[in-house]
A.B. asks: 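There's a structure below that I have some questions on.
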Amino acid sequence: DQQVKQNSPSLSVQEGRISILNCDYTNSMFDYFLWYKKYPAEGPTFLISISSIKDKNEDGRFTVFLNKSAKHLSLHIVPSQPGDSAVYFCAASANYGGSQGNLIFGKGTKLSVKP
Amino acid sequence: DGGITQSPKYLFRKEGQNVTLSCEQNLNHDAMYWYRQDPGQGLRLIYYSQIVNDFQKGDIAEGYSVSREKKESFPLTVTSAQKNPTAFYLCASSKRGLAGGYEQFFGPGTRLTVL
């Protein structure tokens, strides 16, 4: 049973427009959420994170929104650039007990930004 | 220059052979992880270690083994018991991030192909 779901396998946007990537989770014990960006044949790179005590975190062109009641988070990229084309993974963790620091990943969304 | 190194980048083995993938980090992180990624899939946790001389099974540990004799090193052995070993293998280590949760940092990955 997937605890972290990214229901859109792919997304295509025009350069300069907004990209919105969505992620849903089922485990109410998750209290920390992260987004990673991954190019083919490379390791994921950390983009941005948010704690469950917040509903928004912003870092340059990247903003993550968290809606705890809906168990939903989204990553906004504004403006989108061709170099943003990659697979984006949503991840969540519950920072308690023996699993502290372990991440549960979604299956990823492939973003294509067209010039 | 701190980071996580994985070697080799590409590895080919014959069916029935054990193979060991290397992972080294000089970030002074306590926790280390091994994942595998298959096409269209997210990252699935194989093993993790939160401290030297201790490690735990992840979601798909069958057919794999690890050791953690040094803080810097977390090698993964893919044994002949692993039924479908061809995959992209990622090593990670983690630290507590500014937002309070743990962020994982990934190596560049090893593509293992079993012929």
Side-chain angles (χ1 to χ4, degrees), chain A residues 1-10 23 25 29-59 64 66 73 87-110, chain B residues 3-11 21 23 25 27 29-51 54-60 87-113:
Chain A
D1 185 29
Q2 274 186 273
Q3 297 187 67
V4 177
K5 298 178 186 178
Q6 294 178 255
N7 291 319
S8 298
S10 62
C23 179
Y25 61 95
M29 298 303 291
F30 287 148
D31 56 5
Y32 194 64
F33 304 89
L34 308 90
W35 285 95
Y36 285 84
K37 174 181 179 179
K38 185 181 181 302
Y39 294 116
E42 294 184 10
T45 54
F46 169 74
L47 265 181
I48 193 168
S49 62
I50 188 166
S51 164
S52 60
I53 63 173
K54 294 190 170 185
D55 54 19
K56 177 183 175 181
N57 189 26
E58 192 172 351
D59 183 3
V64 56
L66 176 62
L73 64 154
V87 176
Y88 289 78
F89 288 100
C90 171
S93 68
N95 288 289
Y96 65 96
S99 65
Q100 190 177 57
N102 286 10
L103 298 181
I104 308 298
F105 286 86
K107 292 189 175 184
T109 296
K110 184 177 182 180
Chain B
I4 302 174
T5 56
Q6 291 185 243
S7 61
K9 181 71 173 174
Y10 299 95
L11 191 54
L21 281 59
C23 178
Q25 55 103 357
L27 301 168
H29 291 171
D30 287 317
M32 296 186 73
Y33 309 81
W34 273 104
Y35 295 90
R36 71 175 272 168
Q37 185 191 15
D38 297 283
Q41 298 289 320
L43 280 64
R44 294 184 292 168
L45 183 64
I46 304 172
Y47 266 99
Y48 65 98
S49 167
Q50 294 190 331
I51 198 167
D54 185 55
F55 48 84
Q56 306 295 329
K57 291 182 179 180
D59 299 321
I60 54 165
F88 189 54
Y89 290 87
L90 287 158
C91 178
S93 65
S94 72
K95 70 167 190 176
R96 187 179 287 276
L98 293 175
Y102 285 84
E103 296 165 8
Q104 290 187 14
F105 297 84
F106 287 82
T110 292
R111 166 70 63 182
L112 173 65
T113 302

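In what follows, chains are A, B, ... by sequence order, proteins preceding strands, each numbered from 1.
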A.B. asks: So what's closer than 4.5 Å to chain B heavy atoms on A/P9: side chain, backbone, both or neither?
C.D. replies: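 Neither part.
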A.B. asks: If every non-hydrogen atom of B/E103 is compared with every non-hydrogen atom of A/Y32, which pair is closest and at what distance?
C.D. replies: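 Nearest heavy atoms, B/E103 then A/Y32: OE2-OH, 3.1 Å.
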A.B. asks: Below 4.5 Å from any heavy atom of chain B, which atoms of A/K110 appear? Answer side chain, backbone, both or neither.
C.D. replies: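 No part of it gets close to chain B.
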A.B. asks: Below 4.5 Å from any heavy atom of chain B, which atoms of A/F33 appear? Answer side chain, backbone, both or neither.
C.D. replies: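 For A/F33, no heavy atom lies under 4.5 Å from chain B.
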A.B. asks: Taking the side chain as everything from C-beta on, heavy atoms only, tell me whether B/L45 gets closer than 4.5 Å to A/F105.
C.D. replies: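 No, too far: nothing below the 4.5 Å cut-off.
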A.B. asks: Taking all atoms of both residues into account, what is the closest heavy-atom pair of B/Y102 and A/L103, and its distance?
C.D. replies: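 Minimum heavy-atom contact is O-CD2, 4.2 Å.
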A.B. asks: Tell me, out of A/K54, A/K107, A/Q2, who's got the most heavy-atom pairs with chain B below 4.5 Å.
C.D. replies: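 It is A/K107.
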A.B. asks: As an exercise, state the distance from CD1 of A/I104 to CG of B/D59, rounded to the nearest 0.5 Å.
C.D. replies: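 Those atoms lie 6.0 Å apart.
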A.B. asks: Taking side chain as everything from C-beta outward and backbone as N, CA, C, O, which of these in B/Q37 sits under 4.5 Å from a heavy atom of chain A? Side chain, backbone, both or neither.
C.D. replies: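 For B/Q37, the side chain is the part near chain A, not the backbone.
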A.B. asks: Closest heavy-atom contact between A/F89 and B/Q41?
C.D. replies: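 Minimum heavy-atom separation between A/F89 and B/Q41: CE2-O, 4.1 Å.
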A.B. asks: With a 4.5 Å cut-off on heavy-atom pairs, point out which of A/A91, A/G43, A/P44 contacts chain B the most.
C.D. replies: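 Most heavy-atom pairs within the cutoff with chain B belong to A/P44.
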A.B. asks: Minimum heavy-atom separation for B/L90 to A/K38, with atom names?
C.D. replies: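 The answer is CD1-CE, 4.3 Å.
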A.B. asks: Non-hydrogen atoms of chain A under 4.5 Å away: do they reach the side chain of B/L43, the backbone, both or neither?
C.D. replies: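 For B/L43, heavy atoms of backbone and side chain both lie under 4.5 Å from chain A.
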